[in-house]
Peer 1: 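Got a structure here, written out as structure tokens. Questions coming.
Just so we're clear, the structure is a prediction, and the values are computed from it rather than from any experiment. One-based numbering along the sequence shown.
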Amino acid sequence: IDNAFNLNYTTNTYKLTPQQPITHIVKVNGFSTIKVEYSNGLKAYLLVLENEHIEVCIANHKIIIKGDNAAGNQYLIDNYYAKGLGYYHDKVINIIQKYKSPAIDMKKIDKEIKDSVLSTYRNDIQKMQREKQITNRFAYLMDKSLENGFTALEFITYTNFYFGKMAEKNR
């Protein structure tokens, strides 16, 4: 369990055994992102608000979340983290190529990514919020987390695309 979110330093390690729950209390001031990783390769990044109770379980080789805002965390695991940002790389590169000439139009690229890719997530977040499966605050954090992820992907893809084109010109 890593609530330092540095990807290189595990802050707590537990040896898990079937049907033996372990309680880990995290001091959260506001909200935190917590990484849970199992030796079988399963991992999850959880958004946790202060004073929340969350259960992380494995059933049939799948991570199952129970507790406060469980629907939101389960949604992120199943529909976003499990796929990874690489899943969206081709969609993003196609959008960048669409607006590359005569000059790269970042405003149009950003708008189309938000309209075509993020809108699906936003509709699902709003539905979970309306149905009271997640709190308003959690919905906001989910949305910002997804937007930040896609902004990073957009930047990395654009940079790779731009430098790849520059390398082609210099040959």
Peer 1: As a quick check of understanding, evaluate side-chain contact (heavy atoms from CB on, under 4.5 Å) for L118 and E147, giving each step before the final call.
Peer 2: CA-CA 7 Å; L118 273 176; E147 186 173 326; 4.2 Å; yes

Peer 1: Rounded to the nearest 0.5 Å, what separation is found between the NZ atom of K43 and the CG atom of L46?
Peer 2: 13.0 Å

Peer 1: Please determine whether side-chain contact (heavy atoms from CB on, under 4.5 Å) holds for the pair M142 and Y75, giving the CA-CA distance in whole Å, both sets of side-chain angles, and the decisive distance to 0.1 Å.
Peer 2: CA-CA 10 Å; M142 267 182 85; Y75 181 87; 3.6 Å; yes

Peer 1: Is there a chain of hydrophobic side chains (I, L, V, M, F, W, Y, each step under 4.5 Å between heavy atoms) that links Y38 to I77?
Peer 2: yes

Peer 1: Determine whether I58 and I34 fall in the same hydrophobic cluster, where Ile, Leu, Val, Met, Phe, Trp and Tyr are linked whenever their side-chain heavy atoms lie under 4.5 Å apart.
Peer 2: yes

Peer 1: So, taking the atom named NZ in K111 and the one named NZ in K108, what distance separates them when rounded to the nearest 0.5 Å?
Peer 2: 11.0 Å

Peer 1: Could you walk me through whether F138 and L47 satisfy the side-chain contact (heavy atoms from CB on, under 4.5 Å) test, starting with their C-alpha distance in whole Å, then the side-chain angles of each, then the deciding distance to 0.1 Å, before giving a yes or no?
Peer 2: CA-CA 8 Å; F138 192 86; L47 289 175; 3.6 Å; yes

Peer 1: Distance check, rounded to the nearest 0.5 Å: L76 atom CG versus Y121 atom OH?
Peer 2: 8.5 Å

Peer 1: Before you tell me yes or no, could you show the steps for I125 and I134 under side-chain contact (heavy atoms from CB on, under 4.5 Å), namely the whole-Å CA-CA distance, both residues' side-chain angles and the distance that decides it to 0.1 Å?
Peer 2: CA-CA 8 Å; I125 292 168; I134 58 175; 4.2 Å; yes

Peer 1: Looking at OG1 of T135 and CD of Q129, how far apart are the two atoms once the value is rounded to the nearest 0.5 Å?
Peer 2: 8.0 Å

Peer 1: Return the CZ to CG distance between F31 and L49, rounded to the nearest 0.5 Å.
Peer 2: 8.5 Å

Peer 1: Name the one of D78, I54, I63 that satisfies side chain to side chain contact (heavy atoms under 4.5 Å, CB included) with N73?
Peer 2: I54

Peer 1: Going by side chain to side chain donor-acceptor pair (under 3.5 Å), name the pairs with one or both residues in residues 51-61, residues two or more places apart or in two chains.
Peer 2: E52-N69

Peer 1: So how far is it from Q133 CD to D124 CG, rounded to the nearest 0.5 Å?
Peer 2: 10.5 Å

